[in-house]
Amino acid sequence: MTAKFPATKLLWEDIKHRSWLLILCLAGSMALLPFTLQLKLSSLEYGQGLALYQAESRWLLDDKLAEASRLLSGGNGLILLGCMLAAVVAAVTGFSYLQSVRQVDFYHSLPIRREKLFALRYLGGFLMAVVPYLAAVAAALLAVCGAHGILCRDLAAEAAGAALFLILMFLLFYTTSILAMLLTGRLLTGILLTGFFCLYGVICTGVLRQMMGFYFQTYCSVSWREMPVWIVSPFSLAVKAADFLQSGEPLALWLWILPAALTGVLLVLCLALYRKRPSEAAGNAFSYRWMEPVLKTAAVIPCSLWVVVLVQVLGYTAGKGMMAAVVLLAAFILNGAFEFVFSQDLKNIWRHKFSGLLSLFGALAVLLAFQGDWFGYDSWQPGRDQVRSMAFYCRENEDIFTDGGWYFEDQEQKILEQGLTEDFDRIYQLAAEGIRQQETGEASGNMTSITVHYRMKSGLDAYRAYTVPAEKAQEALGQLTEDAALREKIYPVNFRSAENVTGIEIQDWNNLRGTTQGVSLNRQEIREFLEIFQKEYVSYSYQELKDMAPSGCLYLYCSRETPSRDSYEGSSIGYYLYPEFTETIAYLEKKGIRLQKEPDTSEIVSVQIDYLTDIEIPQSEDAAASACSEVYVLNSPEAVGHLFELVVRARSAEYMICGEYADLQIMFSDGMYSSAPFKIRDARAFRAFLEEYALEMTM
C-alpha cells in the first residue's frame, strides 16, 4: 500500500504550497547576481575614469572581468548571507508542521514511510532554493558577461566552482536548520536552536578573543587562529571560505571536506531522529526534556561573559569583584529568560536549579580564570627544544623601509608567516625579555610592541605580543636580516607585484616643497625598474638601511584591480630611495629624473621653527610622546641658508626617538607652503644659531 502512494504528487503539492519561497529565491538571486553585476559593469563604463579607460580599453575589459570574477566567485558577502537565509527559511517552512500536533498526525497517517516523507520534504526545499540560484548564475554569465564581451572559460569555471561550493554551504545550513526543527516542538525554540547551532562557535570565539584582550597582556589579534572552536559552527566555516574566495586563492581542501562531512553526519542524524521522534513532542519546547538544562547552560555561560565584555567596552573598568558581580547578575537574568522561553511560565524560571547554579558558577569560574590567569598564558614560553622556527614583527621597524604610516591589513601576518627562521635564538631571547618586562613592570628608554610567532615541532602555532626595548628589537632585526634569503621574504618592498603597479612617482628628499614628479614608464619598463629596485633593496640588511640617509621616496600606485584581487591593489605606498641604490638612480636619470644633493633655499621667504626640546618617550604603548616646544621665525636668506646646514630631514622612524628635532614650516616666494620634521645635527651649534639669527615668538 505504501509503495503505491504517488510520492511525486506529494513533492509537487509541497512546491505549490510554498511557491512564494520559489518566487522569493528567484527574485533575490536575480537581484544579487545579474542585476548587481550589470549595475557594476555599467558603472565602470560611465564612471569618473572614462577618459582613462578610453585610452586603455584593455584595462576596461580587465576591470570588468575582475568585477565579474569578484561577484561570481562566491566571496560576495550578500550572496553568502542570502544563501544562509534561504537555507533557514526553506528548513523552517518545510518542517514547521512538526510543531503542530494536528499536522504531525496528518502527515504521519499518510501511507508512506517516514524516510521517504523526510526525503521529499528535504528535496522540495532544496529545489526551491537552488534552482533559482543556478538560473541567476546562468543569466549573469550568458546575458550580462556575454553582452559585455568578458565571458570566457576561466570565468565560467570560477562561477561553476563557486556555485558548487555555495550549494554545499546551503546544504550545511539547510540540514543544520532541519536538525533544529526536529529537536524542538515550537517554532520560536526551533529558530533559536538554529541560531545556536550556526553561531555558537563564533560566539565562543568572540568572547574568548575579547576576554583575552582585556586580561592577557601578551595576547595579540592573530591568536584567534589558535582557537579550534572557530571552525565548529557553519557560520564560521562560511566566513573562512569567503575570505579565501575574496582573496582569489583556491579553496583549501579542508574547506570542501569539512562542510561535506558535517552535512553527511547531520543528514544521517536528522533521518534517525525523524524516524524516532515522538509525535507528542509537538508543542513542547524541545523534543527531549534533557535538552533544556544542557542547552541553557551552554548558552548562558558565554552570553553572560559577553555582558562583561560589553560593560568593559563601554568604559566601566571596575575592579575584579565588581566584574564578578556583573557576570553573576547577567547569568541569573539570562537563566531566567531562557527558562521563561522554554516553559512560557514565570513560575518555572528557576525549575532547573542544578543547571541554573551550574550556569552561574560556571560563568564566574571562567571570568576568574581570565582575571587571575590561572593557566599562565602571559608567562608561557615553550622550551627551545619544542620550537621548530620563529618569526617576529615590529611595526616601528618598517618605517626604515616605508615613508610614514603605510600599513596593510595582512602585512603583519605575511611577515609572521614568511619570516619563520630556524635560527631563532635572538627572537627567543627577545620574547623572554618581553615576558620579564611584563612580570616586573620595568621599562627604560623607548619601548616598542612586537608580535612573536612560534612554530612548534608538533605542527601547532602560537602567537604572543610583548613590549620590549626598541633598541633590542632593532638589534634582533638587524641580526636576522644579515641572511639575504630572509630579507627577500620579509622586506615590504617585495610584497608589491609589478603586474599590479600602474604608476610611479618620485619625491626628491631634498625638495623642500614636498612635491612629486611622475616617471613615464610602459608596462615592460615598470617590471624592469621594480626588479632593479627590489634587488638593490634586499641587498642591504636592516642595520645598513638604518645607517643610510634617504635621497628620495618612490611611490607605487595601482589604480585598478585584477582578477587576483591582491590586497595591495587600489592603493599607493612610498618606499625610501637611498643614494647607495646606484642602479635604481641611474635608471631614473635615463628617464630624466635627477635628485638634488642639497636643499635649494633660493625661493624660501621665511621659515617657522618649532624647536622640540626635553623629549620624553612613553614607557607604554598607550602613552604619547611629549616635548617642550620653542617657536622661532627666520626671515633673512642668509639665516635660512645657514639653517639647512644644521639640520637634516628625518625619517618617520627616527622622529622624536633620539636626539633633538625641529618641525619646519616653510613659506616660498610663490605663496606655497610645506612642513616637515628635521633632525638637528649639533644641538649646541643650533642653539647658538637661534640666539644669533632667529626671532622668538611667544605662544
Side-chain angles (χ1 to χ4, degrees), residues 188-189 192-221 223-224 226-230 232-233 235-236 285-286 290-380 438 464-465 622:
L188 176 60
T189 51
L192 290 176
L193 189 59
T194 298
F196 178 86
F197 285 156
C198 292
L199 298 173
Y200 192 69
V202 179
I203 293 171
C204 291
T205 302
V207 76
L208 283 174
R209 291 179 64 186
Q210 293 293 333
M211 296 292 285
M212 292 171 77
F214 280 126
Y215 293 111
F216 297 157
Q217 296 184 40
T218 62
Y219 172 75
C220 56
S221 59
S223 298
W224 67 269
E226 304 172 55
M227 302 177 184
V229 71
W230 170 251
V232 168
S233 63
F235 182 80
S236 54
F286 294 98
W290 60 265
M291 294 177 61
E292 292 187 25
V294 172
L295 293 174
K296 180 193 68 177
T297 303
V300 166
I301 292 177
C303 289
S304 56
L305 291 172
W306 264 116
V307 174
V308 174
V309 170
L310 179 62
V311 169
Q312 292 175 324
V313 167
L314 292 175
Y316 298 102
T317 52
K320 294 182 178 180
M322 193 64 202
M323 288 298 102
V326 168
V327 78
L328 285 173
L329 179 61
F332 180 81
I333 294 174
L334 288 168
N335 183 82
F338 279 112
E339 287 286 9
F340 176 73
V341 170
F342 296 160
S343 65
Q344 297 183 351
D345 188 350
L346 287 174
K347 296 179 181 179
N348 294 327
I349 61 173
W350 199 250
R351 59 175 178 163
H352 295 109
K353 295 182 177 59
F354 177 77
S355 63
L357 291 172
L358 184 62
S359 301
L360 265 66
F361 289 108
L364 178 62
V366 174
L367 176 65
L368 294 177
F370 278 107
Q371 290 179 337
D373 192 8
W374 288 358
F375 303 103
Y377 185 91
D378 280 337
S379 60
W380 176 85
Q438 182 265 325
R464 291 294 187 273
D622 298 330

Between Thr189 and Ala285, is there a donor-acceptor pair closer than 3.5 Å when you use the side chain of the first and the backbone of the second?
yes

side-chain contact (heavy atoms from CB on, under 4.5 Å) for Val366 and Met211? Distances and angles first, verdict last.
CA-CA 10 Å; Val366 174; Met211 296 292 285; 5.7 Å; no

Non-hydrogen atoms of Ser359 and Val300 that approach each other most closely:
CB-CG1, 3.7 Å

For Val327 versus Ala363, what's the shortest heavy-atom pair and its separation?
CG2-CB, 3.9 Å

Heavy-atom nearest pair, Ile203 first then Pro302, reads CG2-CB, 4.2 Å

So salt bridge (charged side-chain N to carboxylate O under 4.0 Å, His left out) across residues 324-344, not counting sequence neighbours, yields Lys296-Glu339, Glu339-Arg351

Rounded distance (nearest 0.5 Å) linking atom CZ of Phe197 with atom CG of Leu192
12.0 Å

To the closest 0.5 Å, what do you measure between CD1 (Ile333) and SG (Cys303)?
13.0 Å

Taking the side chain as C-beta and beyond, is there a heavy-atom pair between Val308 and Gln210 under 4.5 Å?
no

Candidate pair Leu295 and Phe286, rule side-chain contact (heavy atoms from CB on, under 4.5 Å), full reasoning:
CA-CA 10 Å; Leu295 293 174; Phe286 294 98; 3.5 Å; yes

For Trp374, I'd like to know if atom CH2 has over 12 heavy atoms of other residues, nucleotides or ligands within 6.0 Å.
yes

Any chance you could measure Asp378, atom CG, to Thr218, atom OG1, to the nearest 0.5 Å?
4.0 Å

Stacked cation flag Arg464 on Tyr377, 6.0 angstrom / 45 deg
yes

For Phe214 against Gln312, the heavy-atom pair lying closest together:
CD1-OE1, 3.0 Å

For Phe196 against Ala298, the heavy-atom pair lying closest together:
CZ-CB, 4.0 Å

Rounded to the nearest 0.5 angstrom, the OG-CD distance for Ser343 and Glu292 is 7.5 Å

Considering all heavy atoms of both residues, which atom of Leu360 and which atom of Leu328 are nearest to each other, and what is their separation?
O-CD2, 3.7 Å

Phe235: which residues meet the ring-ring contact (aromatic ring centres under 6.0 Å, His included) condition with it, sequence neighbours left out?
none

Only one of Phe216, Tyr219, Phe375 passes ring-ring contact (aromatic ring centres under 6.0 Å, His included) with Phe370, and that residue is Phe216

Test item: Leu193 and Met291 side chains (from C-beta on) under 4.5 Å apart, heavy atoms
yes

Considering only heavy atoms from C-beta outward, does the side chain of Phe332 approach that of Asn335 to under 4.5 Å?
no

Rounded to the nearest 0.5 Å, what separation is found between the SG atom of Cys220 and the CZ atom of Arg209?
10.5 Å

CG (Leu208) and CG (Leu305) are apart, to the nearest 0.5 Å, by 8.5 Å

Identify, with sequence neighbours excluded, every residue that meets side-chain hydrogen bond (donor to acceptor under 3.5 Å, both in side chains) alongside Gln438.
none

